[in-house]
Structures are given as C-alpha cells and as structure tokens.
Amino acid sequence: MARTGTNNNIQAKLVLLGDMGTGKTSIVLRFVKGQFFNYQESTIGAAFFSQVISLNEATVKFDIWDTAGQERYHSLAPMYYRGAAAAIVAYDITSMDSFGRAKKWVQELQRQGNPNLVMVLVGNKADLEAKRKVDTKEGESYAQENGLYFLETSAKTAQNVNELFYEIAKRLAGACPSQTAGIKLQNGSLGRGRSVFCCSV
Amino acid sequence: MDSADDAGPNSVFPSSVQPDQQNPSVSERIDDRLKRVSLVDTDALPGDAPPPAPHAIDVDSHAGVNGVLDARSGSEGNDKREEDGGEAPGDVLLPQLVGAEHAFEVTRSSSDAGLRDNFEIEVEEPSSPSSSGYAGERGSSNATTSTGIEEVGEDEIVEADAADSSVWTPGKRHVDEDDGSISWRKRKKHFFVLSHSGKPIYSRYGDEHRLAGFSATLQAIISFVQNGGDRVNFVRAGNHQVVFLVKGPIYLVCISCTEEPYEALKGQLELLYGQMLLILTRSVNRCFERNPKFDMTPLLGGTDAVFSSLIHSFSWNPATFLHAYTCLPLAYPTRQAAGAILQDVADSGVLFAILMCRHKVISLVGAQKSSLHPDDMLLLANFVLSSESFRTSESFSPICLPRYNPMAFLYAYVHYLDVDTYLVLLTTSSDSFYHLKDCRIRIETVLLKSNVLSEVQKSVLDGGLHVDDLPVDSSTSGSLSPHLGQDRSIPGSPDRSLSGIGGPGGLWHFIYRSIYLDQYVSSDFSSPINSPKQQKRLYRAYQKLYASMHSRETGPYKTQFRRDENSVLLCWITQDFELYAAFDPLADKALAIKICNRVCQWVRDIENEIFLLGASPFSW
C-alpha cells in the first residue's frame, strides 16, 4: 500500500507480474540501473529493488518486487502482490501466449487486489516490431475495457521505460495527496491541477 | 576410467545384460587380510611417538577400537579377489526380464540396436495438460492453505533459456541431440528423470520432449520389475551401468560408463532428487495423484543450470559423496565474529543464517534445536550459486530443504555481499522479507566493521591447505607447526629428500573428514595433480575408495592401502575421522603411514582455523 510520510514522501510497493521471458527483470534493471542484458537469467522467486522518483508534487519511493514468471511460483504470487499499490502486468508483443497469460494476471489482481491498485498493462519488446504477434490496438482495447493504463515498452532501447514508472508515480501521488496540514508553498508547483487541488483542501 | 573409447558406437543401452552384482567392482575389494589385522606392533609404525597432546593420535588407545594404520600387511592392496555378486532380493536378473510373458518382446540382437528398437511400446501423448494445479506448501509454521491460481496455465511454456557457451557454462547443452544421435549415445554419463507414466522430466543431454520414447523404455523396465513385486537397482552391461532410483511417482536413472561404483551413482541420483525437492517440495507428488500423465517439465522451467551444475559437481566436489561440508579457512576470531552476529539474528526468529563463500562455509547458525544436514547445504549452495538471478539483487524465494522437511517450503532471503560471499537467511514465515532485510543490513555492517569480509577475500586468495606445508617433524607439533598463511615448513628436513614431487613422502593430496563435525577439509591440488583430468581421476579414485570402505556387504573397513600405476591411495577410518590420502605410486608404505599420522596431527593442530567448531549441533 502506498504510504504517505511528511513532505509528501510516498512509499509504494510495486509488483511486476507476467509470463516467464516477457522481460520483467529487464524492465526493472533498465529503470533502476540503466542496464540491459541480451541474455537475462530467469528470476528465482522474486527479486527486490528500490528506486526513488522525484516529482514536483511528491517523492515516490518504489519497493519493486520483480517476480519470477515460472509456473511453479504462481501459487506464491499473492505473497508478493499483497499490499501492493501498483502492479505492472507485462507481456511480450511477440507472443500471443504471454498476452493471454497477462489477461489472467489482470483478472486475478482484479479479484484479489485492492480497488485502488494502479495497474498498468505493458507490452514489452517493442523493438521486435518484425516479430510482433500482439497488435498495439489489441493491448490498448483490452486495457481500456479493464480500466488499465497501457504502454508498449522496450527494455532494450529504453523506450517508454522511464515514462512507465513516472506515470505510475504520478498516479500514486495523485491518489495520495499530502496528509500534512496547511499550505506548503514550496510544493505548490503552479499549473498542475492535482497540486492545486491538493493545496486547496 | 575415462578413456574416450569406452563409449564406442554402442547405444547407451545394453546390447547384453549380465546378472548384476550388488557390488559391481569386485576388484575394489580390499584385502581381507587388512581387515583381520587390526592390531599392529607399534614398532612397525616408523618411529614417531605422538606427543601426548589432547588431539594427538594415541596409537595404544586407538588400537583396540579403531585399528591402526597397518604397516605390516605385506599385501600391495591391489590384489584382486573375485567374489560372487550378492544376489540381493532387489536385484533384477536378466532371465526374468527376458523370459517373461509380457506385452513386449525382447529380442537380443547382437547388433548395436538398443532396447528401444526392440520394445514396442505405445506411448500415449495426451494434449498438453491444462493446469498443473501445483501449489507448493507454505512454510511449516504456516497453516494457511495455499491459494493456487488454478486457471493460469493453459498454454505450453516455452523454454527461453539458451546458454551461450564459454568455459564451463551451466545450463543445458546439446539440446539438439536425442537418442537417435550418435553423439548423444556416446556421452559417458546420462541422467534422466521421468514420471511413472514415462513422461520425461529432465535429461542431462538432449531435449526432454524428443526423448519421450526413450523415457518410456526406461519406465517400462522399471514398472516391469515392479509388477513382479521386485525392484530394479541396476543393470550392468559391458562398460555401462544403468542405475535406477524410484521415488514415488518420480523415477531417476543414470546411465554411465565412468566405472563409478553403484553406491556413488545411487547417491548422485538421491542428490538429484533432493535438488528437485528443493525447488518444488514433495507436494509435487499430488499432481501425479490427480493426473498420472501430468507433465512436470514446465514446473522446472529455467532450472537447467541448477541441475547441470549439480551434475558437474559430482565430478569435483567431495561433499557429494562424503556428506559433509567444508569451511573457508579463517582465523578463529574472524569466524567467531561472523558467528556471533549470525547468532544474534538467529535469536530474532531466523531459522538458519548461513554465510558462505562460493561452496565453502564461513559460518552458520541455526535456531535452537534446528540442524542443517550437509546434503541440504550442498543443494542450497548449488541452487544459489548456479542461479545468476541471485547476483542481480536481493531475493526472497521459497526453498525446500529436503532433509529438514521435504513437504514444506521455507523462505530464503539471499543476498551477495561481494562477488563470492553471500548470505542466506531462512525462515518459515512468508511475510518476513523486511525483517530479514534488516537483519542483513545489521550483519553486513558488523562484517564490514570487523573486517570479516576482507579476511574472507584474503583467505580466498591465499588458498587452503598445501601438502608442502605439512610439518616435517611431528615432535615439533603444537606451537611450532605452521598455521595457515604462514611460512612453509623448515627446509632441509630428511623427509624432503625422500619426496618426489608433491609434499613430503610423496604425498600428493588428502581429504580429512571429521565425523562429529560433519565437515571435511581437503588440501589444494598441487603438482603433479595439475590438470583437470588428473584431478577428476583422483576424485573418482577417492569416490571408489569411499564406497569400498563403507560397503555394506564387506565393510566397514578401518584401513586400506592401494597401489596402482597412477597412485597410492591410503584410507584410514576411526571413530573420529576419515582420512583419504593420495601418494606418488612409488611411495614407501611405511613412510606413507607415517605421513598420514602427521596429516592428522596437523589438521588437529589447526582445526580452529579450518573447521567451524562448537556453535550449534549439526550432528546427525
């Protein structure tokens, strides 16, 4: 759950779900360390990362759970997504199977997750346009039907990776307005609807 | 041994099957005379009266109970004594196999055609099962029923791994092979795991799915014998040995022409099964109860590297047959400092706290009354070291310790403190990640402050025990014996002149296993055991020696002295320790025995540094 501290510091648990080989670890490594490996070993259980994003309206500290996509870990997934404020459900645009698996994850999160969960559907490996099996529109329309945010990314080229996490951070900051009383001028970045709303409370 | 011709163009499968023997390698049998002579006149032990230090080898007091290295027995130890193979009730005999009235017919062709060609077996290939429904058990203290996602898993899982090869790469190699390939048939050592319905689960070489027919053949052999109310242990066929291990619905088979003893191969299959349990727990059996044709391969997705690394360790890691672990040599206070902080966190609800450097233990601590079996440590270390993913960041993963509790998952927090050193914290609670993370931060801080990590790095660079460092005169043992990392032994000793290459008295290498501590220490390889091939040969020789010393039919023995064209091997087992030593083939027997006594004295002198002492009860 996203927790708000003083000065609008938000600590948020973020979980990545999706079939094996969709590039969850690559997305996280690109975001956290700016690295990419053509051959990334399978994740065991879940790997933990943390990274901070500073927005104008808040500082979001992500606790990122990068889960393993292997079938044997599925029954343990609730252990990782329990209490998450945000979830990235990833699929590989070159694999229809992985898209099907992503839908299953979305359904599971909808059933068990919290209603305020910020959920993003991510089509990864966007650089492999030639091998594309899942149409952008397909992903988009599924996301729309289920009220998810949608992005196509490439961990390899870094396309949309930072955007993905910034978007999540913004949504979390919007969902958790500052709990501190009074007007904070230094946070009142003008021209941002959310912030204005925040200060006007 | 390992000559390349062994495999030949033959199929891995026997073209002729001989009645097997419980102990395949009769030539391994040590001379009965050695066993009978348990007492030796002390004169025969060339003149070292051991000092009356508490750990000194006291010839008289040990003589009656444990036997003493036999310096008198004139046999050269390589006497070959033919013995009839014991026909234990569990053994399969070929005539039964052939003459049976069964659905398929065995025609013994003299050609190279394997059994596969002769068996007509219908392999049912059902469409891919929908969902495994596999749900690992939660931690033992967690009574909650696991919430499985039943509907996930319609589609076939595609193996994404494709290891690029360099020196020794973990992971599956030769995926393009199957049982039709000549290269596949020539491989010296195969490991197979299959289900009781004959579905392939794992194969060391080749793609499992392409080996469905071969797996079905193995399954047919096993279940044929089972139907007769019997059990097949192994089949010996020329150079090849086929060893079977049945674990409920999971069958494990090793086909090998490496001449390793049956007991050793069986032990390797047990470890392979243990590794599987570490990943899945034994609750995977339920999947087979629900659906006998259950396909288990997707559940093991991404673990090829774990199994191939374990199988690789069967040819270099003595822990795989000694059932003991080894420690990184460290000064006593350094290890104490590491142990103290681990004990601290163990008291805060951590079940096991293990600090390791590669395959060697720095320190380990268990919550009260919990003890860790050396085999579990081996499998855990192999799992962590072979999974690259743990090096990327801190991880929290379910892990089962098969000797601790094969049915339940524990939760492992794994974090690398530097390139080689890693910390594993095990707990029964799936919610304790943040607690374990805090523990790790505390541990790391203390280890850095007390310079443990830099001492560890130093020890890695310095290496372990060297046979050249063996103190030359045991009468000076105690304070004068060189400790680790100190100067080499005093030059100009009489023994030096007798030694060829290697240590004094022609000593090449030794392994000392402390029975009470469940730990062993092995000297570093040095000249002339330089090449990997020589090291592997010596390793296999030790493995045979171990098996013959511990053989149930003929043993256990107390001493054994063997000489062949490659080396002299000496083994000595007492209540307290087992010593395995390799010498130059021309080594003098009396001197070799003297040297062995010295090795034991040396190890006891420095046991503070090479073993993890006291701490927790690890004895089983």
Side-chain angles (χ1 to χ4, degrees), chain A residues 13 17-23 25-26 28-29 32-33 35 37-51 63-83 92 94-109 111-112, chain B residues 131-138 146-164 170-171 279-281 284 296 298-306 383-384 386-399 409 411-415 430-431 433-434 437:
Chain A
K13 179 173 172 181
L17 300 165
D19 203 359
M20 57 188 276
T22 52
T25 304
S26 295
V28 177
L29 283 182
V32 174
K33 299 185 180 175
Q35 295 173 332
F37 303 101
N38 270 317
Y39 180 69
Q40 180 70 47
E41 289 261 357
S42 316
T43 303
I44 306 289
F48 179 84
F49 298 85
S50 52
Q51 178 75 314
D63 281 355
I64 303 170
W65 282 100
D66 169 29
T67 66
Q70 266 86 20
E71 187 182 333
R72 64 177 172 278
Y73 296 115
H74 285 179
S75 61
L76 300 155
M79 174 175 125
Y80 300 114
Y81 65 64
R82 194 181 304 127
D92 171 359
T94 70
S95 154
M96 198 43 110
D97 282 352
S98 74
F99 185 55
R101 189 66 66 98
K103 290 179 183 173
K104 296 262 163 66
W105 279 119
V106 171
Q107 287 163 16
E108 163 153 1
L109 287 171
R111 261 205 319 273
Q112 316 212 8
Chain B
S131 165
S132 65
Y134 164 77
E137 207 72 350
R138 297 311 184 84
S146 47
T147 51
I149 308 167
E150 296 296 332
E151 52 273 65
V152 188
E154 293 279 346
D155 28 21
E156 194 73 37
I157 291 197
V158 185
E159 185 59 67
D161 299 61
D164 25 333
I279 297 166
L280 295 174
T281 75
V284 74
M296 206 175 122
L299 284 185
L300 291 172
T303 55
D304 275 329
V306 178
F383 183 71
V384 172
S386 61
S387 310
E388 206 52 39
S389 149
F390 289 120
R391 295 173 186 271
T392 316
S393 75
E394 50 198 323
S395 299
F396 192 58
S397 172
I399 268 173
F409 271 132
Y411 297 90
Y413 174 92
V414 182
H415 185 70
S430 64
D431 310 322
F433 171 79
Y434 289 100
K437 186 179 162 69

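Treat the numbers as computed from the prediction; the structure is a model and nothing was measured. Order of the sequence lines fixes the chain letters, A, B, ..., with proteins taken first and strands second; residue numbering starts at 1 for each chain.
When all heavy atoms are compared, the tightest approach of A:Gln70 to B:Gly301 is CG-O, 3.1 Å. Shown here for A:Arg82 and B:Asp431, the closest heavy-atom pair between the two residues is NH1-OD1, 3.5 Å. Across A:Ile44 and B:Ser389, no two heavy atoms sit closer than the pair N-OG, 3.2 Å. Closest of all the heavy-atom pairs between B:Gly302 and A:Ser42 is CA-OG, 3.7 Å. B:Ser393 and A:Phe48 get closest at one heavy-atom pair: OG-O, 3.3 Å.
Ring geometry for A:Trp65 versus B:Phe433: interplanar angle over 60°, hence perpendicular rather than tilted (30 to 60°).
Contacts between A:Gln40 and chain B at a heavy-atom distance below 4.5 Å involve the side chain alone, from C-beta outward. Heavy atoms closer than 4.5 Å to chain B are found in the side chain of A:Lys33, but not in its backbone. There is no contact between B:Tyr413 and chain A, counting heavy-atom distances below 4.5 Å.
Judged as a side-chain contact (heavy atoms from CB on, under 4.5 Å), and not counting sequence neighbours, the contacts of B:Glu388 are A:Glu41, B:Arg391.
Rounding to the nearest 0.5 angstrom, the gap separating the OG1 atom in B:Thr281 from the CZ atom in A:Arg72 is 12.0 Å. Here the OG atom belonging to B:Ser430 is positioned 9.0 Å from the OH atom belonging to A:Tyr80, to the nearest 0.5 angstrom. Atom CZ of B:Phe396 and atom CG of A:Leu76 lie 10.0 Å apart (nearest 0.5 Å). To the nearest 0.5 angstrom, A:Glu71 atom CD is 11.5 Å from B:Met296 atom CE.
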